[in-house]
Amino acid sequence: MPELPEVETVVRGLQKSVLGRKILSVWIGKSDFIDNPAEFFRLSGQKIAAIERFGKFMLLRLTNGEESAAAETETVVAVAESAASRERKAYAASLLVHLGMTGQIAPSAADIPLEKHTHVSLTLDDGRELRYTDARRFGRMAYLTADLLAKEIAGAGADPLEVGAAEFAERVRSRNARIKALLLDQSVFRGVGNIYADESLWRAKIHPARVGAKLSVKEVETLRRVLQVILNRAIVMRGSSISDFLDANGEPGEYQRHHRAYGREGKPCYRCRTPIRRVIVAGRSSYFCPKCQPAPRQRKSKRRKPSG
DNA sequence: CTCGATCCCTGGACGC
DNA sequence: TGCGTCCAGGGATCGA
């Protein structure tokens, strides 16, 4: 279940292992998770000039291989540039990768046989292959020109690590949806998924079914702060490996050992020993402490249930 | 606007 | 052993 910290971990691994490599050829197996598989072959001859995370997306920024001498210099310059100015740099095309639930992307020696669910393999100019493996194919890959990427990015939510207090509060307190749904909504905040939503709500002592507009200013600011602390800590720990998350080196993360709510149904709350409960909110399992995170009063129902 | 339901997909856990 | 069932959940979509 790659969320922001897991995707960030994979991006950092790829930056070390495949940044600057040129793609020589493209192999595609099953392609129903690729936006436009025919476009994919345009990857051939292009160079991976930058690798960035955008929410749960990975973006492999591409430059034409021909300007290789110039691009070498550019890459060095780009590394020295601030993140903000790098973002402003225009690339003609990018490879978008979303890991979905079970996606993995990592370089591999070419002589290692493809795994059962490897669906994309890009031959690199150093002889290795950058492979995408995804059993369930909930992930997504797309070859995006600059304009398509712009459309993709338009409407994305705020980056939870960079959003300020005022904007965070505005995005939450202007909504009548439950806070859990808001945290999971990628058009509100990009990159938060089920695990880090539950972990941050537990730390902020906010019940997942509370309505955004009914949270106090103080509660919302606490939530923002703990969310940032948790995400940053999880990045340091290289993410959470619940079932099959592996980073670009094939190694699991460590943050799952620090979970306080997620996956702990029936186990004692780390604060008050009350058994953690699991309910469905926003269609997802939501773990919380019924004592530390008191439930909101019953939401208004459209019509009172007929008596009797 | 917000909700729940449904679908996509496979593997793992579990009960019998 | 094997089979059926349920569950995991990111995201799109649809109807209420």
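Reminder, nothing fancy here: chain letters follow the sequence lines and each chain counts from 1.
Each of A/Arg278 and A/Lys56 lies near DNA chain C, and the nucleotide nearest A/Arg278 is the one positioned closer to the 5' end. Of the two residues near DNA chain B, A/Ala181 and A/Arg284, the one whose nearest nucleotide lies more 5' is A/Ala181.
Residue pairs that meet the salt bridge (Lys or Arg N to Asp or Glu O under 4.0 Å) test with at least one member in residues 163-172 of chain A, sequence neighbours left out, are A/Glu167-A/Arg171. Residue pairs that meet the salt bridge (Lys or Arg N to Asp or Glu O under 4.0 Å) test with at least one member in residues 268-284 of chain A, sequence neighbours left out, are A/Glu265-A/Arg278. Applying the salt bridge (Lys or Arg N to Asp or Glu O under 4.0 Å) test to residues at least two apart or on different chains, the pairs with a partner in residues 8-18 of chain A are A/Glu8-A/Arg12, A/Glu8-A/Arg53. Evaluation of the ring pair (Phe, Tyr, Trp, His ring centres under 6.0 Å) test over residues 121-156 of chain A, restricted to residues two or more places apart or in two chains, returns A/Phe33-A/Tyr132. Residue pairs meeting the salt bridge (Lys or Arg N to Asp or Glu O under 4.0 Å) criterion with at least one member in residues 96-123 of chain A: none, sequence neighbours excluded.
One P atom belongs to B/dA5, the other to C/dC6, and the distance between them is 16 Å to the nearest Å.
A/His98 pairs by the side chain to side chain contact (heavy atoms under 4.5 Å, CB included) definition with A/Lys56, A/Phe57, A/Arg140, not counting sequence neighbours. A/His117 is linked by a ring pair (Phe, Tyr, Trp, His ring centres under 6.0 Å) to nothing, counting only residues two or more places apart in sequence or in another chain.
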What does the list of N/O pairs under 3.5 Å between the protein and nucleotides 9-13 of chain B look like, with a distance for each?
| unit_1 | atom_1 | unit_2 | atom_2 | d |
| --- | --- | --- | --- | --- |
| B/dC9 | O2 | A/Arg136 | NE | 2.8 |
| B/dC9 | O2 | A/Arg136 | NH2 | 3.4 |
| B/dT10 | O3' | A/His117 | NE2 | 3.3 |
| B/dT10 | O2 | A/Arg136 | NE | 3.4 |
| B/dG11 | OP1 | A/Lys116 | NZ | 3.4 |
| B/dG11 | OP1 | A/His117 | NE2 | 2.5 |

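For A/His98, no side-chain nitrogen or oxygen approaches OP1 or OP2 of C/dG10 to under 4.0 Å.
Consecutive pairing runs in DNA chain B reach the stem threshold at B:2-8 with C:10-16, B:10-16 with C:2-8, where a stem means at least three Watson-Crick or G-U wobble pairs with distances under 3.5 Å.
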